[in-house]
Amino acid sequence: MIAKNKIDINMSRLKAAFEVSSKIGATEKNGLTRLTLTEEDRKIRDIFVQWLKEEGLSVRIDDVGNIYGKREGRNKNAKSIMIGSHLDTQPRGGRFDGVLGVLSSLEVIRTLNENNIVTERPIEIVNFTNEEGERFTPPMIGSGVATGNYTKEFAYGLRDKNGVSFEEALNEIGYNGQEENRLSNVEYFVELHIEQGPLLEKNRKEIGIVKGVKGMTRFEVTVTGHASHGAHPAYGRKDALVAASKMVLAIDEVTKSYEDLSTTVGVFEVFPSVVNIFAGEVRFTFDVRHLDDQIRNRVISNIKENLKRISEESEVVCSIKQTWNIDGTHFSTELTGLILEETNKLNYSHQYIVSGAGHDAKFMNDICKTAMIFTPSANGFSHCEEEYTSYEDIQKATTLLLNVVMELANKV
């Protein structure tokens with residue numbers, strides 16, 4: 001066997017894979033629109049399956065469209081090392097996001113193959129379906145069903161904005177496989193991903209070692225006042241927009257209370273939205289994120305109290321509906337420790353990070369030892385056409401992934 005530190009990934013080959021991916025669903029400003037189970041998704045899936053077969057992997061598709069490619073080890077009964085992420089994107093999203101995790105995993109396999117390296121354990125690549133959750137909500141459906149967090153019936157019943165069901169879309173692109181093909185006998189899962197934040201770049205660190213994923217709770221808020229003409233005097237108004245604006249500021253203000261707490265107001269709709277009429281109704285969404293579930297729940301209670309107070313002071317009615325909740329995830333200390341060891345061997349700078357975004361690794365953590373590796377995002381941008389990670393950073397992160405996988409795959 002060639003010594004581990006003598007093996008190099010082929011960066012030209014990895015770049016070429018990115019170039020292929022970046023043409024499927026390409027947008028005008030160098031981004032991607034590749035929503036799950038669309039024709040664009042089918043095209044990249046077909047290419048990915050072909051790449052897996054070219055590397056001699058056994059390919060299977062499960063009943064929610066997850067794609068697996070397995071490279072056997074000496075011990076065929078040993079539990080697998082699984083690596084990968086997702087190939088779907090947001091509308092006008094970026095080229096790197098989950099795509100990096102899939103293509104870097106493919107490069108790991110290609111590197112092992114060209115160096116004729118046989119590992120003790122099997123290694124599996126996975127492309128999870130509908131991680132983004134844009135076309136079919138909620139997100140992470142593929143990994144959610146595979147790990148028992150969602151039922152197949154729930155997934156199949158989801159519908160997009162045009163009324164097309166998840167099951168119908170899955171059949172349309174030809175990726176409705178068998179339930180018996182779902183992942184099984186996996187001991188470790190490692191997901192490489194762009195940071196989707198500015199910390200690594202700001203602190204000039206090459207690698208992020210992810211300790212866990214923040215818990216997330218989402219809400220829909222409806223603020224109801226009474227619309228009237230702009231000629232109505234300031235006193236006596238029940239302006240839903242003014243009240244909702246104060247609520248948004250209150251939601252943002254609470255982030256100063258705790259370290260690593262984040263809140264986001266994502267949707268904001270005003271009715272009737274006419275130039276000379278003040279608003280009678282406003283609808284908006286917000287979410288609260290923190291690794292510590294107790295802190296997150298405490299913050300949510302505080303926000304609800306503030307929204308109630310503002311609505312009473314503004315003489316409007318405020319209704320709050322929770323739409324989604326997922327608790328915080330703490331990744332395997334065994335795996336994060338190994339990632340740290342391999343990072344130090346490669347002399348890469350690093351820092352620990354708590355992910356504010358959900359990832360397939362969050363659900364995988366329920367069934368096996370899991371961890372994530374982050375690589376810098378330029379300006380912290382993600383899920384947009386400006387999303388960018390340099391190939392220099394990608395090379396380092398993929399090299400680290402290779403070394404971590406080799407260590408795990410030869411663990412007896």
Side-chain angles (χ1 to χ4, degrees), residues 90-91 132-140 150 154 157-161 213-328 354 356-358 362 383:
Q90 291 282 338
E132 293 292 358
E134 170 58 27
R135 184 181 180 192
F136 299 101
T137 302
M140 304 183 295
Y150 300 129
F154 171 76
L158 297 173
R159 293 187 179 274
D160 67 11
K161 296 175 182 177
V213 177
K214 293 179 181 180
M216 294 168 254
T217 311
R218 293 178 180 174
F219 298 90
E220 290 178 353
V221 180
T222 301
V223 182
T224 306
H226 195 289
S228 188
H229 195 280
H232 192 291
Y235 65 86
R237 288 191 181 192
K238 296 182 180 180
D239 191 326
L241 176 56
V242 172
S245 300
K246 293 177 181 178
M247 293 175 183
V248 171
L249 292 175
I251 292 169
D252 182 67
E253 181 69 18
V254 77
T255 59
K256 299 175 183 178
S257 304
Y258 297 94
E259 185 178 0
D260 289 330
L261 172 67
S262 58
T263 63
T264 302
V265 174
V267 175
F268 197 87
E269 300 173 314
V270 181
F271 305 93
S273 193
V274 176
V275 68
N276 62 344
I277 298 176
F278 58 85
E281 183 176 279
V282 172
R283 301 171 197 161
F284 67 90
T285 65
F286 75 93
D287 70 36
V288 181
R289 306 186 184 207
H290 199 279
L291 181 62
D292 188 315
D293 296 330
Q294 290 185 342
I295 290 177
R296 191 177 73 260
N297 290 330
R298 194 179 308 145
V299 167
I300 290 169
S301 295
N302 179 264
I303 288 175
K304 288 180 176 179
E305 290 174 3
N306 284 332
L307 267 55
K308 179 182 178 182
R309 173 183 55 79
I310 293 169
S311 65
E312 290 174 350
E313 292 173 352
S314 305
E315 298 186 44
V316 298
V317 176
C318 175
S319 67
I320 305 171
K321 177 184 176 183
Q322 181 176 310
T323 58
W324 195 53
N325 180 77
I326 191 165
D327 289 340
V354 176
K362 181 175 182 62
H383 283 186

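Numbers for residues simply follow the sequence, beginning at 1.
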Validation row: Glu281, Val223 side chains within 4.5 angstrom (heavy atoms): no
When rounded to the nearest 0.5 angstrom, what is the spacing between NZ in Lys214 and NE2 in His290? 7.0 Å
Separation of Lys304 NZ from Ile320 CD1 (nearest 0.5 Å): 6.5 Å
Polar contact flag, side-chain donor to acceptor under 3.5 angstrom, Asn297-Asp293: no
Enter the distance from Lys161:NZ to Thr137:OG1 here, rounded to the nearest 0.5 Å. 8.0 Å
Should Val299 and Tyr258 count as side-chain neighbours, where that means a heavy-atom distance under 4.5 Å? yes
Does some side-chain heavy atom of Leu291 sit less than 4.5 Å from a side-chain heavy atom of Val213? no
Taking atom types as modelled, is there a side-chain donor on Arg296 or Thr217 under 3.5 Å from an acceptor on the other? yes
I want to check something: taking the side chain as every heavy atom from C-beta on, are Phe286 and Val221 in contact at a cut-off of under 4.5 Å? yes
Can a donor-acceptor pair be found, under 3.5 Å and without considering hydrogens, that links the side chain of Thr263 to the backbone of Ile251? yes
Just verifying a value: how many Å separate Gln90 CD and Arg135 CZ, rounded to the nearest 0.5 Å? 14.0 Å
Are Arg159 and Phe136 in a cation-pi setup, meaning NZ or CZ lies under 6.0 angstrom from the ring centre and within 45 degrees of the ring axis? no
Any donor-acceptor pair under 3.5 Å from Ser311 side chain to Lys308 backbone: yes
With a 4.5 Å limit on heavy-atom distance, are the side chains of Glu312 and Glu315 in contact? no
Is there a side-chain contact between Met247 and Cys318 (heavy atoms, below 4.5 Å)? yes
Less than 4.0 Å between a side-chain N and a carboxylate O, is that true for Arg309 and Glu313? yes
Measure the spacing between OG of Ser262 and CG of Asp252 and express it to the nearest 0.5 Å. 11.0 Å
Is any side-chain heavy atom of Phe268 less than 4.5 Å from a side-chain heavy atom of Arg283? no
Test side-chain contact (heavy atoms from CB on, under 4.5 Å) on His229 and Asn276 and set out the steps. CA-CA 6 Å; His229 195 280; Asn276 62 344; 3.4 Å; yes
If you count heavy atoms of other groups shown closer than 6.0 angstrom to CD of Glu259, is the number above 12? no
Parallel, tilted or perpendicular: rings of Phe278 and His232 (30°, 60°): perpendicular
Neighbour count >12 (heavy atoms, 6.0 Å) for atom NE2, His226: no
Here the gap from Asn306 atom CG to Ile310 atom CD1, rounded to the nearest 0.5 Å, amounts to 6.0 Å
